[in-house]
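For reference, the structure is listed below as structure tokens.
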Amino acid sequence: MSTPASIYPIRLYGDPVLRRKARPLGHTDTLTVPGFAPQSLREVADTMLETMFAARGVGLAAPQVGLGVRMFVAVEYDDNEEENEGKETPLKSRVLREYVMLNPRLTVINKKKDRSETEGCLSIPDIYEEGVPRARAVRVEYTDLDGEAQVVEAEDYLARVFQHENDHLDGKLFLDHLPQDVVNDHRAALLAMQRQARLNLDRLAQQARYGEEHRDERL
């Protein structure tokens, strides 16, 4: 296996891990992202955040890096366009708050649906659609990296982010909330992603076999 890297590969549409319901975890767990050495939960969270920044995302769930555990990271960005106008502002410098949520429990506190935002997904690159219905406000109870219980309430866009990432933990994708004819418009791109997902899995399996075959050489 390789040593821990600064970012993880993001699993693509068609990868089975994206359709599995994730399991709960504890804040002292050690995790192994496929293809990488075991890491502490904090190390995994830090690398997930770096992966998310590199992909210019706003959230990333553990299944998206091949981990079937109930954990996601997300951020709030400073979106003051006037302040940032004409500047090459690094994405990380615009972070107002980072979230690392273990075993989140999401409750809708405003059932009114918003369909106006365009939504995408790092596991479904270059496909964006309006019309995904999301509750306007939610409460999320979760455990942080220190094992402490936390509660956060969110509205509008941040509420959408939390709902999107929480869906990943139940094996759901944002395309599942759209009419089939809208999904069919992206059929060619989705089939290409499925093919690439299979190739990526084959590569991981080859790496795992190689690592097992040469395990004794490293002992």
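In this chain, residues are counted from 1 in sequence order. Everything numeric in this text was worked out from a predicted model, so none of it was measured.
- Ala154 and Ala159 make their closest contact through O-CB, 3.5 Å (heavy atoms, listed as atom of the first residue, atom of the second, distance).
- Follow the hydrophobic side-chain contacts under 4.5 Å out from Ile124 and you never reach Val65; the two are in separate clusters.
- A side-chain donor from one of Glu129 and His186 sits under 3.5 Å from a side-chain acceptor of the other.
- Between the side chain of Asn103 and the main chain of Leu25, a donor-acceptor pair closer than 3.5 Å is present.
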Quiz item: Stepwise, does the side-chain contact (heavy atoms from CB on, under 4.5 Å) test hold for Glu119 with Glu117?
Solution: CA-CA 6 Å; Glu119 196 162 326; Glu117 293 281 356; over 6 Å; no
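- Residue Asn184 holds its CG atom at 10.5 Å from CG of Leu175, rounded to the nearest 0.5 Å.
- For the side chain to side chain contact (heavy atoms under 4.5 Å, CB included) criterion with Arg136, the lone passing option out of Lys112, Glu155, Arg160, Lys113 is Lys112.
- Using a 4.0 Å cut-off between charged nitrogen and carboxylate oxygen, Arg70 and Asp170 count as a salt-bridge pair.
- The CZ atom of Arg134 lies 11.5 Å from the CZ atom of Arg115; values are rounded to the nearest 0.5 Å.
- With a 4.5 Å cut-off on side-chain heavy atoms, Lys92 and Glu50 count as touching.
- Remark: side-chain polar atoms of Glu165 are paired, donor with acceptor, to backbone N or O of Ala61 under 3.5 angstrom.
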Quiz item: Does the pair Asp29 and Val69 meet the rule for a side-chain contact (heavy atoms from CB on, under 4.5 Å), with working shown?
Solution: CA-CA 11 Å; Asp29 286 2; Val69 296; over 6 Å; no
Quiz item: Stepwise, does the side-chain contact (heavy atoms from CB on, under 4.5 Å) test hold for Ile127 with Tyr13?
Solution: CA-CA 11 Å; Ile127 292 180; Tyr13 179 90; over 6 Å; no
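- One hydrophobic cluster, built from ILVMFWY side chains closer than 4.5 Å, holds both Leu169 and Leu158.
- Within the 4.5 Å cutoff, side-chain heavy atoms of Met193 are placed close to those of Pro125.
- Residues Asp146 and Arg42 meet the side-chain proximity criterion, which asks for heavy atoms closer than 4.5 Å.
- Side-chain contact between Leu122 and Thr51 is absent, with no heavy atoms from C-beta onward closer than 4.5 Å.
- Criterion: ILVMFWY side-chain heavy atoms under 4.5 Å apart, direct or through other members. Under it, Val138 and Tyr142 are part of a common hydrophobic cluster.
- Note: Tyr8 and Phe36 have perpendicular aromatic rings, judged against thresholds of 30 and 60 degrees for the angle between ring planes.
- Counting heavy atoms of neighbouring residues, nucleotides and ligands inside a 6.0 Å radius, atom OH of Tyr77 exceeds 12 of them.
- Side-chain contact between Val132 and His164 is absent, with no heavy atoms from C-beta onward closer than 4.5 Å.
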Exercise. Kindly indicate, with the supporting measurements, whether the criterion side-chain contact (heavy atoms from CB on, under 4.5 Å) is fulfilled by His27 and Leu145.
Key: CA-CA 6 Å; His27 75 283; Leu145 289 171; 5.9 Å; no
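- Taking every heavy atom of both residues into account, Ala197 and Gly14 meet most closely at CB-C, 4.1 Å.
- Side-chain contact check for His168 versus Leu173: some heavy-atom pair is nearer than 4.5 Å.
- Considering only heavy atoms from C-beta on, Pro34 comes within 4.5 Å of Arg11 through its side chain.
- Under a hydrophobic-cluster definition in which Ile, Leu, Val, Met, Phe, Trp and Tyr are linked whenever side-chain heavy atoms come within less than 4.5 Å, directly or via other members, Leu190 and Val182 are assigned to the same cluster.
- The two residues Val100 and Ala45 come nearest to each other via the heavy atoms CG1-CB, 3.8 Å.
- The shortest heavy-atom contact between Phe162 and Ala74 is CE2-CB, 4.1 Å.
- In this model, a donor atom of one side chain and an acceptor atom of the other lie less than 3.5 Å apart for Gln196 and Asn200.
- Atom-to-atom distance recorded for Leu201:CG and Arg203:CZ is 10.0 Å, nearest 0.5 angstrom.
- In this structure, Met52 CE and Ile7 CD1 are separated by 12.5 Å, a value rounded to the nearest 0.5 Å.
- Two residues are said to be in side-chain contact when any heavy atoms from C-beta on lie closer than 4.5 Å; Val161 and Val75 fail this criterion.
- Looking only at atom types and distance, the side chain of Glu76 has a donor-acceptor partner in the side chain of Tyr99 under 3.5 Å away.
- Checking Gln64 against Ser123 by side-chain atom types alone, a donor-acceptor pair falls below 3.5 Å.
- Remark: Asn166 CG to Leu106 CG distance equals 5.0 Å, nearest 0.5 Å.
- Hydrophobic clustering (ILVMFWY, side-chain heavy atoms < 4.5 Å, transitive): Phe72 and Val17 are in distinct clusters.
- Note that CG of Asp114 is 11.5 Å distant from OH of Tyr157, once rounded to the nearest 0.5 Å.
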